[in-house]
Amino acid sequence: MNLTLYGYQDHWIAVDCGMMIRQDLPEGPLQVPDIESLASLGISPQMLVITHGHEDHIGAVAWLWPKWRCPIIATPLAAGLLRAKFAERELETSSLQIIEVDEGFESGPFALRLLPLTHSIPESCSLLIVTPEYRVMHTGDWKLDPEPLIGEPTDPERYQALAPVDLVVGDSTNAPLAGHSRSEGEVARALEKTLAGCRGRVVVTCFASNLARILALGRAAARNGRRITLLGRSMERMVRVARGLGYLEDFPPLVPVKDLGYLPPEEVMVIATGSQGEPRAALSRLANSRHPDFELAAGDTVIFSSKAIPGNELAIGKLHNALTRLGVGIMEEKQFPDLHASGHPAQEELRTFYGWLKPLRLLPVHGEYRHQLAHTQVAQSLGIEAPLIPVNGDVIRLDAQGLSVEKRLTLHERIIEHDKVRPLDSMDRRARARLGRHGSVSLALPATLQEAGWVRIGRLMLDISGTSSLDEDSFAEWLDDTLAGLDASNERELKQQLDGRINRWLRNHLRHEPVLFLHIMAMNQE
């Protein structure tokens, strides 16, 4: 989850603070870094620096920053995304300090500079950390893209001027791969060609933060006579923030999703979230015919312009099965590799970059052990000292003797549940066991808040798995009566008030308690 802390003379800074989605747990909760042990070591960061706006680098900030209350340094795009997250949690944003790329700043004994380094999101940066004794390059996520679509290619002279650096803390994600990662420009041309050969409606799913990919899709759609709709709150937020900063200026106008039914299928393209099989994302709702405004049909095509994140294979497989049952064609990276480009460096990029920086030492981070080991081997082949493969919780010292592990903190899994950070304890294990024994009930509830209270809009969208039959008419009648008696003022409060009540109803009527997945779709009435 990419939270790294650097200390010098008892002054600490944090770099990035991300989250991950635990799809192996009921309802796929967010997991955030465990920072509880830091206080016992006297560690409290005096500054948080953000290298780029991906969720695995900023997703936990709004949850953990209230423990620190320190200044947050970010470029305009990352700051805009954080401001939206802070607003959702009703946090004040005065600690957010926007800095332009390549601008220097300080924190205690640290002199710092964010340097542009291409990745799959604009304004991605490495961080140069300078103390009186050492210079450290924290790369963040990166690649060397000669045609990034948004922004400029990485400037070699900027990094050559820094050589040699004492230590690189570097991205290992694609270190086992030979060669060079694919350019976003190459992917753009492949997507345009692929789209020209599709019939029926097309849905393309990709990471919401990959603005270059979204721009490429917009251009490809326009050139192929297709109108565009965005599906997914994170996608809509990302495009809104990016447009406000002057990105995506030539992106075509959007069509409201409710108007798609009036267009011929061959004129429709949807860009949707959910490439990793997330059950509550837009693509899963489409695959399971649970979207209130849009349905897929036989002859349509879903393009996965993304790569499966390790651990998500089962969820993605279920998504593919659901799409196949609808008669929808699937194009994904394994069969069509030109449709996606990684945002991380392969071996030739590592060699090129380290040729510029001439680092004395490497600390390989990001990825799994095998990625870090491959990264270590590349570095050693270049004469770079790489004595350690760190794990989460390692406290590592850099001194005249080199790198050494001082201690290893015991970290505990922490998830977001009921709007709070809490330990992942035996309750979750019991829930997983219950899922196997009693099945699940997934409910998507479209509702609107009127003067007299909450009212359901349209039909219930229920998905019942591994449990006995449920009387949907009886359940819908009870649910309507229950909604009318609730005093929730927003979507979050409504979910909190409904969760326990629905679980009790299911327990009483089914004589057991399935795992409930409840999704509220708050809708505005005209």
Side-chain angles (χ1 to χ4, degrees), residues 26-30 84-85 87-90 229-237 240 256-261 270 272-274 278-296 322 416-420 439-465 467 469-510 513-526:
E27 296 193 288
L30 304 182
K85 290 177 178 292
E88 287 180 357
R89 301 210 64 233
E90 299 180 348
T229 291
L230 303 179
L231 286 185
R233 190 165 63 173
S234 60
M235 184 80 67
E236 293 166 358
R237 175 197 292 154
R240 182 174 64 251
V257 63
K258 63 179 182 294
D259 293 345
L260 291 181
V270 173
T273 58
E278 303 95 319
R280 290 175 288 180
L283 185 56
S284 285
R285 298 205 306 275
L286 289 176
N288 292 284
S289 301
R290 293 202 307 258
H291 197 282
D293 299 307
F294 183 58
E295 290 186 353
L296 290 171
I416 305 300
E417 187 173 70
H418 302 307
D419 206 32
K420 291 183 180 178
S440 65
V441 173
S442 298
L443 168 62
L445 174 62
T448 186
L449 181 58
Q450 300 182 349
E451 290 186 10
W454 286 92
V455 176
R456 174 165 59 96
I457 303 296
R459 64 182 180 86
L460 285 180
M461 287 170 276
L462 273 170
D463 184 15
I464 303 167
S465 173
T467 187
S469 59
L470 182 149
D471 185 341
E472 293 190 24
D473 291 337
S474 175
F475 177 64
E477 184 177 343
W478 168 84
L479 186 59
D480 290 341
D481 291 341
T482 301
L483 280 171
L486 299 180
D487 60 356
S489 60
N490 55 47
E491 183 178 348
R492 186 173 64 187
E493 289 181 7
L494 180 61
K495 186 178 187 305
Q496 289 173 347
Q497 293 183 20
L498 274 178
D499 263 322
R501 290 171 169 85
I502 294 176
N503 273 317
R504 284 193 293 274
W505 191 94
L506 292 172
R507 185 168 59 245
N508 291 336
H509 288 77
L510 300 178
E513 188 174 344
V515 177
L516 173 66
F517 301 95
L518 174 61
H519 177 58
I520 306 292
M521 298 182 294
M523 307 178 74
N524 296 324
Q525 289 287 85
E526 297 298 334

task: Find the distance between CG (Leu486) and OG (Ser489) and round it off to the nearest 0.5 Å.
output: 11.5 Å
- request: Using a 4.5 Å cut-off on heavy atoms from C-beta on, say whether the side chain of Trp478 contacts that of Ile502.
  value: yes
- prompt: For the atom pair CG (Leu516) and CG (Asp499), what is the distance rounded to the nearest 0.5 Å?
  reply: 5.5 Å
- prompt: Heavy-atom distance under 4.5 Å between the side chains of Phe475 and Leu443, does that happen here?
  reply: yes
message: Please check this pair: side chain of Asn288 against backbone of Arg290, looking for a donor-acceptor N/O pair closer than 3.5 Å.
response: no
message: On a heavy-atom basis, which atom in Asp419 and which in Arg89 lie closest, and how many Å separate them?
response: O-NH2, 3.7 Å
task: Measure the shortest side-chain to side-chain distance between Arg504 and Arg501 over non-hydrogen atoms and say whether it is less than 4.5 angstrom.
output: yes
task: Examine distances only and state if a side-chain atom of Ser442 and a backbone atom of Phe517 form a donor-acceptor pair shorter than 3.5 Å.
output: no
- prompt: Taking all non-hydrogen atoms of both residues, which atom of Val441 and which atom of Pro514 are closest, and how far apart?
  reply: CG2-CG, 3.8 Å
Atom of His291, atom of Leu231 and distance for their closest heavy-atom approach: NE2-CD2, 3.6 Å
field: Rounded distance (nearest 0.5 Å) linking atom CZ of Arg285 with atom CD of Glu278
entry: 11.5 Å
- line: Heavy-atom closest pair (Gly232 atom, Ala282 atom, distance to 0.1 Å) is N-CB, 4.1 Å
query: More than 12 heavy atoms of other residues, nucleotides or ligands under 6.0 Å from CD of Gln496: is that the case?
result: yes
query: Looking at CG of Leu445 and CD of Glu491, how far apart are the two atoms once the value is rounded to the nearest 0.5 Å?
result: 10.0 Å
statement: Note: Ser234 and Thr273 closest approach over all heavy atoms is OG-CG2, 3.3 Å
- request: Quick one: pull up CG in Leu449 and CG in Leu494 and give me the separation to the nearest 0.5 Å.
  value: 8.5 Å
- prompt: Taking side chain as C-beta onward, heavy atoms only, is Leu498 less than 4.5 Å from Ile520?
  reply: yes
field: Minimal non-hydrogen separation, Ile416 against Pro29, with atom names
entry: O-CB, 3.8 Å
- prompt: How many angstroms lie between atom CD1 of Ile457 and atom OG1 of Thr448, to the nearest 0.5 angstrom?
  reply: 5.5 Å
query: Quick one: does Arg237's side chain get under 4.5 Å of Lys85's, heavy atoms only?
result: yes
